[in-house]
Q: 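Sharing a structure with you now.
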Amino acid sequence: MRLATWNVNSIRSRADRVAAFLQRHDVDVLALQETKCRDDQFPEMMFDALGYEVAHVGHSQWNGVAILSRVGLEDVEIDFPGQPCWSGGGAGVADQQTEARALGATCGGVRVWSLYVPNGRTLTDPHYTYKLEWLAALRATAGDWLAKDPEAQVALVGDWNIAPQDDDVWDMSAFAHSTHVSAPERAAFRAIVDAGFADVVRPFAPGPGVYTYWDYVRLRFPRREGMRIDFILGSPALAARASRALIDREERKGKGASDHAPVIVELAD
DNA sequence: ATGGTAGCGATGCTA
């Protein structure tokens, strides 16, 4: 089974690229982040026609996560248990709906979670605290899943908005006092790895200089100034099946590219 | 040169 994840930065503006990507790489399951649309706006028919079932959650033009699968799509959940709500929008505005940042479904025997971790914005922003709480809640919940079933086939995939190692950015000095590389964020990521979820892509795509994201501005892509922030983490039973993996850097090229490249792993039967 | 790009949706917000 071939499993991929991709922050598409709007599914409506990139549906053609997504369809071409699915076919080019013969992908079975694709997790998407930043679809930037409501459920009723998702171009579902296009993927229907290619043989994929679609699950999506999106409440507005922000966030939005989806899973496309041609090997079954069952037991869809929006939100993971304990997922925090964003409550930094101001006192008095009580909107308790969680943001559209997590979607789970069972595809071909694998419990797949498409995750869009909060960005954090700056180290002093309430959004940064929210990011750390969000990751801590995910760690607690995912740890419970493995405690209940150590053999579970679970994939935690998506845009983590964290560069776990210094090699995961082009120049650490450019990230002094910024998010994505701070010690608390890296500790939150490591806690999920320590809970039993391994990066199944890095062994097949070692750094340095291997990235999944390049800012649109300042010629980051041609200058090869990127960040590795998109990951496929697998439970022990899932990680044992990883036979190859790649980051599709070609997809970042040309007009109409997302600022993120897709990440793919091949899982042995 | 204190900038620049992209997307949504309506002017500023998010990344």
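Naming: A, B, ... by sequence-line order, numbering from 1 per chain.
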Q: Kindly indicate whether the side chain of A:His180, heavy atoms from C-beta on, has any atom under 4.5 Å from the side chain of A:Tyr213.
A: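 Result no, sub-4.5 Å side-chain heavy-atom pair not found.
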Q: Distance check needed: B:dT14 P versus A:Glu99 CD, whole Å only.
A: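 Roughly 10 Å, once rounded to whole Å.
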Q: For the C1' atoms, the ones on B:dT14 and on B:dG4, what distance do you get once it is rounded to whole angstrom?
A: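 Per the computed distance, 16 Å lies between those C1' atoms.
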Q: Mind calculating the distance between CH2 (A:Trp62) and P (B:dC13) to the nearest angstrom?
A: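 Answer to the nearest Å: 9 Å.
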Q: Without decimals, in angstroms, what is the distance between A:His59 NE2 and B:dT14 C1'?
A: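 Result: 17 Å.
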Q: Over how many whole Å does the gap from A:Glu34 atom CD to B:dT14 atom P extend?
A: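 Roughly 12 Å, once rounded to whole Å.
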Q: Salt bridge check, A:Asp125 against A:Lys131: does any charged N sit closer than 4.0 Å to a carboxylate O?
A: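 Here A:Lys131 does not pair with A:Asp125 in a salt bridge, since their nearest N and O are not under 4.0 Å apart.
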Q: Measure from CD on A:Gln33 to P on B:dT14 and round the result to the nearest Å.
A: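 About 20 Å, once rounded to whole Å.
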Q: Do the charged groups of A:Glu34 and A:Arg14 touch, with an N to O distance under 4.0 Å?
A: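 Salt bridge: no.
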Q: Does anything in residues 119-130 of chain A reach DNA chain B, meaning a heavy atom under 4.0 Å, and if so which residues?
A: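 A:Asn119, A:Arg121, in order of number.
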Q: Less than 4.5 Å apart, any side-chain heavy atom of A:Arg111 and any of A:Glu77?
A: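 Touching, per the 4.5 Å side-chain cut-off.
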Q: Return no unless some side-chain N or O of A:Ser13 is found under 4.0 Å from OP1 or OP2 of B:dA6.
A: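 So the side chain of A:Ser13 is outside the cut-off, no N or O lying under 4.0 Å from OP1 or OP2 of B:dA6.
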Q: I'd like a table of atom pairs between the protein and nucleotides 3-5 of chain B - only N or O on both sides, under 3.5 Å - with the distance next to each one.
A:
| residue | atom | partner | partner atom | Å |
| --- | --- | --- | --- | --- |
| B:dG4 | N2 | A:Arg218 | NE | 2.8 |
| B:dG4 | N2 | A:Arg218 | NH1 | 2.4 |
| B:dG4 | N2 | A:Arg218 | NH2 | 3.4 |

Q: Please report, rounded to the nearest Å, how far the P atom of B:dT14 is from the NZ atom of A:Lys131.
A: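 The answer, rounded to whole Å, is 16 Å.
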Q: Any heavy-atom pair between the side chains of A:Leu3 and A:Ile264 that's under 4.5 Å?
A: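 Side chain of A:Ile264 against side chain of A:Leu3, heavy atoms only: no contact under 4.5 Å found.
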Q: Please identify which of these residues, A:His260, A:Lys36, A:Gln33, meets the side chain to side chain donor-acceptor pair (under 3.5 Å) condition with A:Asn9.
A: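 Considering A:His260, A:Lys36, A:Gln33, a side chain to side chain donor-acceptor pair (under 3.5 Å) with A:Asn9 is found only for A:Lys36.
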Q: At 4.0 Å (heavy atoms only), tell me whether A:Arg38 reaches a base, stays on the sugar-phosphate, or touches nothing.
A: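 Since no nucleic acid heavy atom lies under 4.0 Å of A:Arg38, the category is nothing.
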Q: Which residue lies toward the 5' end of DNA chain B, A:Lys255 or A:Arg12, if each is placed at its nearest nucleotide?
A: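 Nearest-nucleotide comparison on DNA chain B picks A:Lys255.
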Q: Do NZ/NE/NH1/NH2 and the carboxylate oxygens of A:Glu251 and A:Arg24 come within less than 4.0 Å?
A: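 Yes, charged N to carboxylate O under 4.0 Å.
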Q: Assign A:Tyr116 to base, sugar-phosphate, or nothing according to its heavy-atom contacts below 4.0 angstrom with the strands shown.
A: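 Here A:Tyr116 touches the backbone only, sparing every base.
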Q: Can we say A:Asp28 and A:Arg70 salt-bridge, meaning some charged N sits less than 4.0 Å from an Asp/Glu carboxylate O?
A: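 Yes, A:Asp28 and A:Arg70 are salt-bridged.
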Q: In whole angstrom, give the distance that lies between atom NZ of A:Lys36 and atom P of B:dA15.
A: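 Distance check: A:Lys36 NZ to B:dA15 P gives 9 Å.
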Q: In plain terms, say whether A:Arg101 and A:Asp159 are close enough for a salt bridge, that is, a side-chain N and a carboxylate O under 4.0 Å apart.
A: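 Answer for the salt bridge query: no.
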